[in-house]
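Only one structure is covered here, and it is reproduced in the block below.
For this chain, numbers begin at 1 and follow the sequence in order.
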Amino acid sequence: QVQLVESGGGLVQAGGSLRLSCAVSGRTFRRYAMGWFRQSPGKLREFVAGIRRGGTSTYYADSVKGRFTISRDNAKNTVYLQMSSLKPEDTAVYYCAADNAEVPTTHADYWGQGTQVTVSS
């Protein structure tokens, strides 16, 4: 069983930065593409950023491109999301996901419990 635990969420002012971390249990971390998704009240869960197994390719939603950076440390079984120039519309619960597919999608195999990010104006 693969378990994902997110951390690093919180309250930040607009223009500020946060770094989310997602620790993944088990020895199969390298097999998974990893992604970050978010969901705000009344909205569907949406893709934010993704990274392939080897970490050589990354993908971003247009709304975060140039502001967010996803990375992974396969030695530490951890994926990160560095968020900068945060905006109030980035406020959401952020979820980490592990996917057997080449790129992570909303149908990912494993999910974390989520961490709240709140950006005040």
Where do Ala108 and Ala97 come nearest, in terms of heavy atoms and distance? CB-CB, 3.7 Å

Would the distance check show the side chain of Asn77 and the main-chain N or O of Phe29 forming a donor-acceptor pair, the cut-off being under 3.5 Å? no

Distance from Arg30 atom CZ to Asn74 atom CG, nearest 0.5 Å? 4.5 Å

Shortest non-hydrogen contact between Ala33 and Arg72, atoms and distance: CA-NH1, 4.1 Å

Evaluate the side-chain contact (heavy atoms from CB on, under 4.5 Å) criterion for residues Gln113 and Glu6: first the C-alpha distance (whole Å), next the side-chain angles of each, then the deciding distance (0.1 Å), finally the verdict. CA-CA 7 Å; Gln113 81 289 351; Glu6 301 100 333; 2.8 Å; yes

Counting C-beta onward and ignoring hydrogens, is there a side-chain heavy-atom pair between Arg67 and Tyr60 closer than 4.5 Å? no

Residues at least two apart in sequence or cross-chain that pass side-chain hydrogen bond (donor to acceptor under 3.5 Å, both in side chains) with Lys65, listed by chain then number, are Asp62

Nearest heavy-atom neighbours spanning Gln116 and Ala92: NE2-O, 3.4 Å

Tightest non-hydrogen contact, residues Leu20 and Met83, listed as CG-CE, 3.8 Å

Ring centers of Tyr32, Tyr110 separated by less than 6.0 Å: yes

Test of understanding: with side-chain hydrogen bond (donor to acceptor under 3.5 Å, both in side chains), list the residues that count as partners of Tyr94, not counting sequence neighbours. Arg38

Locate the shortest heavy-atom distance separating Leu86 from Leu18; write the atom from each residue and the value. CD1-N, 3.9 Å

Keeping the roles fixed (side chain from Ser25, backbone from Gln3), state whether a donor-acceptor pair exists under 3.5 Å. yes

For Ser121 versus Pro88, what's the shortest heavy-atom pair and its separation? CB-CG, 3.9 Å

Sidechain-backbone polar pair: Arg52 side chain, Tyr59 backbone, donor-acceptor under 3.5 Å: no

Hydrophobic clusters here meaning ILVMFWY residues chained together by side-chain heavy-atom distances under 4.5 Å, can you tell me if Phe68 and Val103 are in one? no

Tell me, with the steps shown, if Leu4 and Val2 meet side-chain contact (heavy atoms from CB on, under 4.5 Å). CA-CA 7 Å; Leu4 289 71; Val2 178; 3.7 Å; yes

Would you say Asp109's side chain and Asn100's backbone share a donor-acceptor pair under 3.5 angstrom? yes

Please determine whether side-chain contact (heavy atoms from CB on, under 4.5 Å) holds for the pair Leu44 and Glu46, giving the CA-CA distance in whole Å, both sets of side-chain angles, and the decisive distance to 0.1 Å. CA-CA 6 Å; Leu44 296 174; Glu46 63 175 0; over 6 Å; no

Same hydrophobic cluster for Ile70 and Val64, using side-chain heavy-atom links shorter than 4.5 Å among ILVMFWY? yes

Hey, what do you get for SG (Cys22) to CH2 (Trp111), rounding to the nearest 0.5 Å? 10.5 Å

Working to the nearest 0.5 Å, report the span between CZ of Arg45 and OG of Ser40. 11.5 Å

Taking Tyr80 as the starting point, is it possible to reach Val24 by hopping between hydrophobic residues whose side chains are less than 4.5 Å apart? no

Using a 3.5 Å distance criterion without hydrogens, assess whether the side chain of Arg53 forms a donor-acceptor pair with backbone atoms of Arg31. yes

For the pair Trp36 and Cys96, evaluate side-chain contact (heavy atoms from CB on, under 4.5 Å) and give the outcome as yes or no after the intermediate values. CA-CA 5 Å; Trp36 287 96; Cys96 174; 3.9 Å; yes

With a 3.5 Å distance limit and no angle check, can you tell me whether Thr56 reaches the backbone of Gly54 through a side-chain donor-acceptor pair? no

Could you see if Val48 belongs to whatever hydrophobic cluster contains Tyr95? Use Ile, Leu, Val, Met, Phe, Trp, Tyr and a side-chain cutoff under 4.5 Å. no

Linking I/L/V/M/F/W/Y whenever their side-chain heavy atoms sit closer than 4.5 Å, directly or via other members, would Val79 and Phe47 fall into one cluster? no

